[in-house]
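Chain identifiers are assigned alphabetically (A, B, ...) following the order of the sequence lines, protein sequences preceding nucleic acid strands; residue numbering begins at 1 within each chain.
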Protein chains: 2
Amino acid sequence: MMRADAVRNRRLLMDAAAAEFAENGMDVSITRIATRAGIGKGTVFRHFDTKEQLLAEIFSDRLEELVTAGLRLAESDDPAGALFEFMTIGTEIQARDRSFCQAAAALSRSESAVHTSRERLADVAETLVANAQRAGAIRDDITGLDIVLLLSAASQAVLSISEDAPGLWRRYLAMVFDGLRTRSAHPLPVPAPTRAQFTG
Amino acid sequence: MMRADAVRNRRLLMDAAAAEFAENGMDVSITRIATRAGIGKGTVFRHFDTKEQLLAEIFSDRLEELVTAGLRLAESDDPAGALFEFMTIGTEIQARDRSFCQAAAALSRSESAVHTSRERLADVAETLVANAQRAGAIRDDITGLDIVLLLSAASQAVLSISEDAPGLWRRYLAMVFDGLRTRSAHPLPVPAPTRAQFTG
DNA sequence: GGACAACCGGACCGCTCGGTCATGTTCTGA
DNA sequence: TCAGAACATGACCGAGCGGTCCGGTTGTCC
């Protein structure tokens, strides 16, 4: 059982780290995070052996947040709308968090918590896609992994001007989604990625 | 007039820096670049006052490469095909170069050479879009700036698995392009970015 | 061929980073 | 209430960074 002050400090730390990572990317220093949390630097390393572990925990939380939303949307009776909202939520998370994409590239292979969250995300995306395809709204030649990868497309497109144009990602997400519709479909030049490629 | 050895070393330096930045992103150390070029670290700072300047020069070269291709394609008699090839070239450059997107976000405002190259890129994209729209192939509610921003979408989408799946970006570029076609058009929720937002 | 400017190189500087550790403090259970 | 375990802290460490500088080297021009 953790002591009460340890629980409180861990909470402060997680919040501060999440905020710093979101605002400034995953290269913010531990010192800065500790200061923002109002705790000492050493305390950070009491809760997490390494900076990478801290980042992984936060990143994995974000992924689970999206998984949860996806599971709820999978029950919707408007499959196309559900898929679109899933993509909206996922893109918004990334648009708000500068560390998200960096974290995805940096530690998807090393941290097992992240690994399983990514699997769960792929699963729920697969369900949402299958539902939308069954309803005839979405082209048949795309997969759940396609959707997961496309989650970063719109937010990254606007990354260089995101401060001056918040919300612009919605414009490109709409364009991307237009490309996913059944009647937009043209043959794709490359097969979908395999689960093994995604998993790493 | 530069001395012959200085010219040769500058060439070696540029090539090595471009390769390192492309392979490892813009955070590679000057020491590493110098070693790869087979020159001393001090020599790097003889040619460029700061690391940022070196990065800017290379980044701006890449942009001009794309501008040149765009100008050629603007003369094509297949406007839709020209736009698609423009996007293909731009996306491929980014897919091959890990520093590209970082550089775009980091120094588009500070370095004037980059600034003007970005303007030229926006101009040529505007022309290509206008041509394709006049031909009726591309939806009317998008702009050249949209295209420039979308250049990063596909390459960034696959960034986390790009080593395991080279060329996968072509799949998502095709999807994005499908979303740009006239008959895919659904109303967009957000207006296009202004030139001022893009310029910074 | 010689003089001199241009150029090269790597030891060096100040700084920041992630991570450690000894010391002092605070909570908790009996 | 109090012993002792759990926890917090910030000075400290080695490594690596961008950038500087000066003694030695090399190309160039008369």
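- With no hydrogens or angles considered, a side-chain donor-acceptor pair links A:Glu64 and A:Ser117 at under 3.5 Å.
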Using nucleotides 26-30 of chain D, report all nitrogen or oxygen pairs with the protein that are shorter than 3.5 Å.
| from | atom 1 | to | atom 2 | distance (Å) |
| --- | --- | --- | --- | --- |
| D:dT26 | O2 | B:Arg3 | NH1 | 3.0 |
| D:dT26 | O2 | B:Arg3 | NH2 | 3.0 |
| D:dG27 | O4' | B:Arg3 | NH2 | 3.4 |
| D:dT28 | OP1 | B:Ala4 | N | 2.9 |

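- Between the side chain of B:Arg118 and the main chain of B:Phe198, a donor-acceptor pair closer than 3.5 Å is present.
- Of the residues in residues 33-46 of chain B, those placing a heavy atom less than 4.0 Å from an atom of DNA chain D are B:Lys41, B:Phe45, in numerical order.
- Applying the side chain to side chain donor-acceptor pair (under 3.5 Å) test to residues at least two apart or on different chains, the pairs with a partner in residues 124-134 of chain B are B:Asn131-B:Arg134.
- A:Ser99 and A:Asp97 form a side-chain donor-acceptor contact under 3.5 Å, judged by distance and modelled atom types alone.
- Here the closest heavy-atom approach between residue B:Met14 and residue B:Leu54 is recorded as SD-CD1, 4.4 Å.
- Members clustered with B:Leu12: none, using a 4.5 Å side-chain heavy-atom cutoff among hydrophobic residues.
- A sub-4.0 Å separation between OP1 or OP2 of D:dC7 and a side-chain N or O of A:Asn9 is absent.
- The stretch residues 47-55 of chain B comes close to DNA chain D through B:Thr50, B:Lys51, each having a heavy atom under 4.0 Å from the strand.
- A rotation axis mapping the C1' atoms of four pairs onto the next four is fitted at both ends of the helix from C:dG1-D:dC30 to C:dA30-D:dT1 over five pairs, and the angle between these axes is 10° to 10 degrees.
- Checked by atom type, the side-chain pair A:Thr199/A:Glu119 shows a donor-acceptor distance below 3.5 Å.
- Counting any heavy atom pair closer than 4.0 Å across all strands shown, A:Val28 reaches sugar-phosphate atoms only and no base atom.
- Reading DNA chain C from its 5' end, the first and the last nucleotide to sit under 4.0 Å from a heavy atom of chain A are C:dC17 to C:dT28.
- For B:Arg11, the CZ atom counts as loosely surrounded, since its 6.0 Å shell holds 12 or fewer non-hydrogen atoms of other residues, nucleotides or ligands.
- Not a single ring pair (Phe, Tyr, Trp, His ring centres under 6.0 Å) links B:Phe86 to another residue, sequence neighbours left out.
- In this structure, B:Arg195 places its CZ atom where more than 12 heavy-atom neighbours from other residues, nucleotides or ligands lie under 6.0 Å away.
- Among all heavy-atom pairs drawn from A:Val190 and B:Gly167, the shortest one is CG2-O, 3.6 Å.
- Cation-pi geometry between B:Arg98 and B:Phe21 is not met: the NZ or CZ atom fails to fall both under 6.0 Å from the ring centre and inside 45° of the normal.
- Listed in residue order, the members of residues 10-18 of chain A having a heavy atom less than 4.0 Å from DNA chain D come to none.
- Residues satisfying the ring pair (Phe, Tyr, Trp, His ring centres under 6.0 Å) criterion with B:Phe177, sequence neighbours excluded, are B:Phe84.
- With sequence neighbours left out, the ring pair (Phe, Tyr, Trp, His ring centres under 6.0 Å) criterion links B:Tyr172 to no other residue.
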Distance-only criterion, 3.5 Å: show the donor-acceptor pairs between side-chain atoms of residues 32-44 of chain B and protein atoms not counting sequence neighbours.
| from | atom 1 | to | atom 2 | distance (Å) |
| --- | --- | --- | --- | --- |
| B:Arg32 | NE | B:Glu20 | OE1 | 2.8 |
| B:Thr35 | OG1 | B:Thr31 | O | 2.8 |
| B:Arg36 | NH1 | B:Glu20 | OE2 | 2.8 |
| B:Arg36 | NH1 | B:Glu23 | OE1 | 3.3 |
| B:Arg36 | NH2 | B:Glu23 | OE2 | 3.2 |

